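For clarity, every value in this text was computed on a predicted model and none was experimentally measured. Below, chains carry the letters A, B, ... as their sequence lines are ordered, and counting in each starts from 1.
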Number of protein chains: 2
Amino acid sequence: MDTAAEVRIDAPHRELLDQILDKWSLAVLNDLCERPCRFNELRRAIPQVTQKSLTATLRRLERNGVVEREVVSTRPVAVRYRITDLGKTLRHPVDVLLAWTSQHMPAVERAREDFDEREAARL
Amino acid sequence: MDTAAEVRIDAPHRELLDQILDKWSLAVLNDLCERPCRFNELRRAIPQVTQKSLTATLRRLERNGVVEREVVSTRPVAVRYRITDLGKTLRHPVDVLLAWTSQHMPAVERAREDFDEREAARL
DNA sequence: CGGAATCCTAAGAGATACTG
DNA sequence: CAGTATCTCTTAGGATTCCG
């Protein structure tokens, strides 16, 4: 795969990454990649998220076109969230990212210990 | 490339991503991938960053083992930041990410306009 | 069920001034 | 040069309550 070696990280790109890689978005996208989900279904799948944050995350993802919100007018209403075609294209970048964290987590943890140790010794 | 389809996004992975993909880290890593840089060199390369945020970013990256800090004891002191071998392995994931934003930015912007328009019409 | 509205706090960002 | 220290201020986020 040839990737650009000299990519500009300007404000728009930075903002987009912030909105798609933020605290809860990855978890939401991951779940929606497997299957469409109801609101409370997502809440249960991501136990630590608050209702407020989940709502905000879903709105943001919807606004950016990677998630779709479908209201089923039963009563009480059912709301179904699903990934869009655009959202599916995020799968690869996200997987590459998570593969990196999985693979290098041990090295990172060693680095942290070393750093903290040196820091402690310095005092 | 085979990437894991079912990766858990637990707290440690989330935290690591937060520390490496945060607001200024990508820009710093990008610059350090090209060449080692002095502190003020980085400041100039990333005009909007404040000294405080740049310091914090560099410390965080150093602690996670992706950036190295070398103090040259001249006077006044010179400090040289360089990417580590571990840091170099971030190049690919980051490039994939930036390739995604570059490629899909137009679609995202269209989605945003549609969303905002619908939002305005709803009121 | 799927939120919206409100209140609150804690972390981060900016600005400014100072230092080895 | 490369920071640290301090202060203020804004904002993201949690907890809680209420609603169609």
Range on DNA chain C touched by chain A, heavy atoms, distance below 4.0 Å: C:dC1 to C:dC7
Residue pairs passing the salt bridge (charged side-chain N to carboxylate O under 4.0 Å, His left out) test where at least one lies in residues 18-28 of chain B, sequence neighbours excluded: B:R14-B:D18, B:D22-B:R60
Side-chain heavy-atom pair A:I20, A:L90 within 4.5 angstrom cut-off: yes
Check: B:V49 and B:L42 side chains under 4.5 Å, non-hydrogen atoms: no
Mind listing the side-chain donor-acceptor pairs of residues 103-110 of chain B below 3.5 Å, one per line with the distance, residues two or more places apart or on another chain?
none

[X] side, atom [atom1]; [Y] side, atom [atom2] - distance, nearest 0.5 Å:
X     : Y     : atom1 : atom2 : value
B:H13 : B:L16 : NE2   : CG    : 7.5 Å
A:R43 : A:S53 : CZ    : OG    : 10.0 Å
A:L26 : A:D31 : CG    : CG    : 11.0 Å

Pairs touching residues 66-81 of chain A that satisfy side chain to side chain donor-acceptor pair (under 3.5 Å), sequence neighbours left out: A:R69-A:Y81, A:E70-A:R82
Sub-4.0 Å heavy-atom contacts from residues 62-81 of chain B onto DNA chain C, ordered by number: none
With B:W24 via ring-ring contact (aromatic ring centres under 6.0 Å, His included) - residues at least two apart: none
For [X], which residues count as a side-chain contact (heavy atoms from CB on, under 4.5 Å) partner, sequence neighbours excluded?
X      : result
B:R35  : B:C37, B:E41
A:E117 : none
B:K88  : B:I83, B:D85

Polar atom pairs between nucleotides 8-18 of chain D and protein, under 3.5 Å, N or O only, would you list them?
unit_1: D:dG14; atom_1: OP1; unit_2: A:K23; atom_2: NZ; d: 3.4
unit_1: D:dG14; atom_1: OP2; unit_2: A:S53; atom_2: OG; d: 2.8
unit_1: D:dG14; atom_1: O6; unit_2: A:K52; atom_2: NZ; d: 2.3

Touch class at under 4.0 angstrom, heavy-atom based, for B:R59 against every strand present: sugar-phosphate
Partners meeting side chain to side chain donor-acceptor pair (under 3.5 Å) with A:N40 (sequence neighbours left out): none
Angle between terminal axes - the helix from C:dC1-D:dG20 to C:dG20-D:dC1, 5 pairs each end, rounded to 10°: 50°
Spacing between B:F39 atom CZ and D:dC1 atom C1', to the nearest angstrom: 10 Å
